[in-house]
Asks: 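Quick one: the structure is below, questions incoming.
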Amino acid sequence: MVEATRPIICTCKIVENRIVFCALHESAERLLATCEHLRKFLRDVTLAEQKDQNMLREIILPYLDGQIAAAEKKG
């Protein structure tokens, strides 16, 4: 059975000409930054096993790229 989720109430506000993010948007911002840092780190990593290197190049990096692009597009 699928449970209903509560509606999201954003409490972001502007204080002294700066955005103060609500907890949800602050967490999303941190998650995006983490994905970007991880992407930059992984692009230069060379793994010992070729199969692991292939998985990194063909699956992991494209997935991170897609998630980052989607987050930036919605923002």
Asks: In Å and rounded to the nearest 0.5 Å, what is the CZ to CG distance from Arg43 to Leu61?
Replies: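 These two atoms lie 10.0 Å from each other.
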
Asks: Kindly work out whether a path of hydrophobic side-chain contacts (I/L/V/M/F/W/Y, heavy atoms less than 4.5 Å apart) joins Ile59 to Leu38.
Replies: yes

Asks: With side-chain contact (heavy atoms from CB on, under 4.5 Å) as the criterion, how do Met55 and Lys51 come out once you've worked through the C-alpha distance, each side chain's angles and the decisive distance to 0.1 Å?
Replies: CA-CA 6 Å; Met55 183 173 63; Lys51 64 181 175 86; over 6 Å; no

Asks: Rounded to the nearest 0.5 Å, what separation is found between the CD atom of Glu29 and the CD1 atom of Ile19?
Replies: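 Result: 9.5 Å between the selected atoms.
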
Asks: Check the surroundings of atom CG in Asp44: do more than 12 heavy atoms from other residues, nucleotides or ligands lie under 6.0 Å from it?
Replies: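 Yes, the 6.0 Å shell around CG holds more than 12 heavy atoms from other groups.
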
Asks: Locate the shortest heavy-atom distance separating Leu56 from Leu42; write the atom from each residue and the value.
Replies: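 Between these two residues, the closest heavy atoms are CD2-O, 3.7 Å.
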
Asks: So do the side chains of Tyr63 and Asp65 get within less than 4.5 Å of each other, counting heavy atoms only?
Replies: no

Asks: Which heavy atom in Cys12 sits nearest to a heavy atom in His25, and how many Å separate them?
Replies: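 For Cys12 versus His25, the nearest heavy atoms are SG-ND1, 3.3 Å.
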
Asks: Is Lys40 salt-bridged to Glu36, going by a charged N under 4.0 Å from an acidic O?
Replies: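 Result for this pair is no, no salt bridge flagged.
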
Asks: Taking the side chain as everything from C-beta on, heavy atoms only, tell me whether Glu26 gets closer than 4.5 Å to Arg30.
Replies: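 Yes, close enough: below the 4.5 Å cut-off.
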
Asks: First locate atom CD1 of Ile9, then atom CG of Leu24, and finally report the distance between them rounded to the nearest 0.5 Å.
Replies: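 Answer rounded to 0.5 Å: 11.5 Å.
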
Asks: Roughly how far apart are Gln53 CD and Ile60 CD1, rounded to 0.5 Å?
Replies: 10.0 Å

Asks: Are any non-hydrogen side-chain atoms of Ile14 and Val20 less than 4.5 angstrom apart?
Replies: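 Ile14 does not reach Val20 side chain to side chain.
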
Asks: Just verifying a value: how many Å separate Asp52 CG and Thr46 OG1, rounded to the nearest 0.5 Å?
Replies: 12.0 Å

